Amino acid sequence: MRVLALDIGDARVGIAVSDPDGRIASPVCVLPAQEVFSHARSFRSVLEDWEPELLVCGKPLTLSGEEGPQAQKIMEQAKKIADRTGLPVELTDERLSSSEAKRILRAQGLSEKTMRGKVDMVAASLFLQAWLDRSATEGE
């Protein structure tokens, strides 16, 4: 089953996708948040290209694991996106995915400026991979 992950932010949405077997996550792109929220052509193209069966959205929890106001906002946006796409949605803990994505990109020698456009899709691929790994373990 192909899964599309969304790292929803105020300005940008990072997008990652799994392989058809749901084993490996890969970064895809970053779109302006408004294009995803409004179901613009750019976002519809991603959906048409990858044909996901499920959306997985990162839920920003506090370091102690609590849901804050940002988590509530993201959950509402994720539900609206799911309703517009007709796809089921699951939320997963995305704590520290952005800082880990920055660490990975820095290790590849990218500058802060070059990194800016990539962090969100790498973060989405990180929490999607964790979700895929958990799902595979639960299915055994």
Side-chain angles (χ1 to χ4, degrees):
M1 167 175 61
R2 190 176 305 272
V3 182
L4 192 78
L6 303 176
D7 183 16
I8 301 171
D10 292 329
R12 293 177 301 277
V13 175
I15 301 174
V17 70
S18 74
D19 66 316
D21 296 327
R23 292 191 180 129
I24 300 168
S26 302
V28 172
C29 65
V30 176
L31 293 176
Q34 208 43 53
E35 291 182 17
V36 175
F37 300 151
S38 68
H39 207 68
R41 180 186 306 248
S42 57
F43 182 56
R44 290 194 315 267
S45 291
V46 169
L47 294 171
E48 289 166 12
D49 289 349
W50 295 103
E51 300 179 339
E53 297 172 50
L54 173 71
L55 297 175
V56 171
C57 296
K59 180 168 36 168
L61 301 174
T62 64
L63 288 177
S64 62
E66 302 292 314
E67 286 182 11
Q70 186 67 8
Q72 194 60 43
K73 180 179 170 183
I74 297 300
M75 290 188 313
E76 290 168 13
Q77 289 169 329
K79 181 166 178 6
K80 286 178 186 172
I81 294 167
D83 290 345
R84 289 287 302 266
T85 62
L87 292 168
V89 65
E90 289 192 26
L91 292 147
T92 189
D93 183 359
E94 68 159 7
R95 276 180 289 182
L96 304 175
S97 61
S98 292
S99 55
E100 178 65 9
K102 286 179 185 175
R103 189 192 65 70
I104 290 168
L105 292 169
R106 233 180 260 117
Q108 293 177 352
L110 273 66
S111 69
E112 289 291 324
K113 185 176 182 183
T114 312
M115 234 190 279
R116 195 172 303 129
K118 297 177 174 41
V119 170
D120 300 308
M121 67 179 178
V122 173
S125 70
L126 290 171
F127 69 70
L128 176 56
Q129 188 64 57
W131 184 90
L132 293 168
D133 292 347
R134 266 193 317 280
S135 296
T137 304
E138 291 168 5
E140 290 176 359

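Just so it is clear, the model here is predicted, and its values are computed rather than measured. No hydrogens, no waters, no symmetry mates; every other heavy atom, side chains included, goes into these values.
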Salt-bridge contact [X]-[Y] (side-chain N to carboxylate O under 4.0 Å):
| X | Y | answer |
| --- | --- | --- |
| E76 | K79 | no |
| R106 | E112 | yes |
| E67 | K59 | yes |
| K73 | D10 | yes |

Is there a chain of hydrophobic side chains (I, L, V, M, F, W, Y, each step under 4.5 Å between heavy atoms) that links [X] to [Y]?
| X | Y | answer |
| --- | --- | --- |
| V89 | W131 | no |
| L54 | V17 | no |
| V28 | L110 | no |
| V3 | L91 | no |
| V30 | L6 | no |

Next on the checklist: Going by side chain to side chain contact (heavy atoms under 4.5 Å, CB included), L4 matches just one of T85, V46, V56, L128. Which one?
Outcome noted: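 Answer after filtering T85, V46, V56, L128: V46.
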Item to check | Separation between CG of D120 and CG of D7, rounded to the nearest 0.5 Å | outcome: 5.0 Å
Item to check | Where D93 and F127 come nearest, the two heavy atoms and their spacing | outcome: O-CB, 3.9 Å
Item to check | Exercise: identify the closest heavy-atom pair between V122 and A101 | outcome: CG1-CB, 3.6 Å
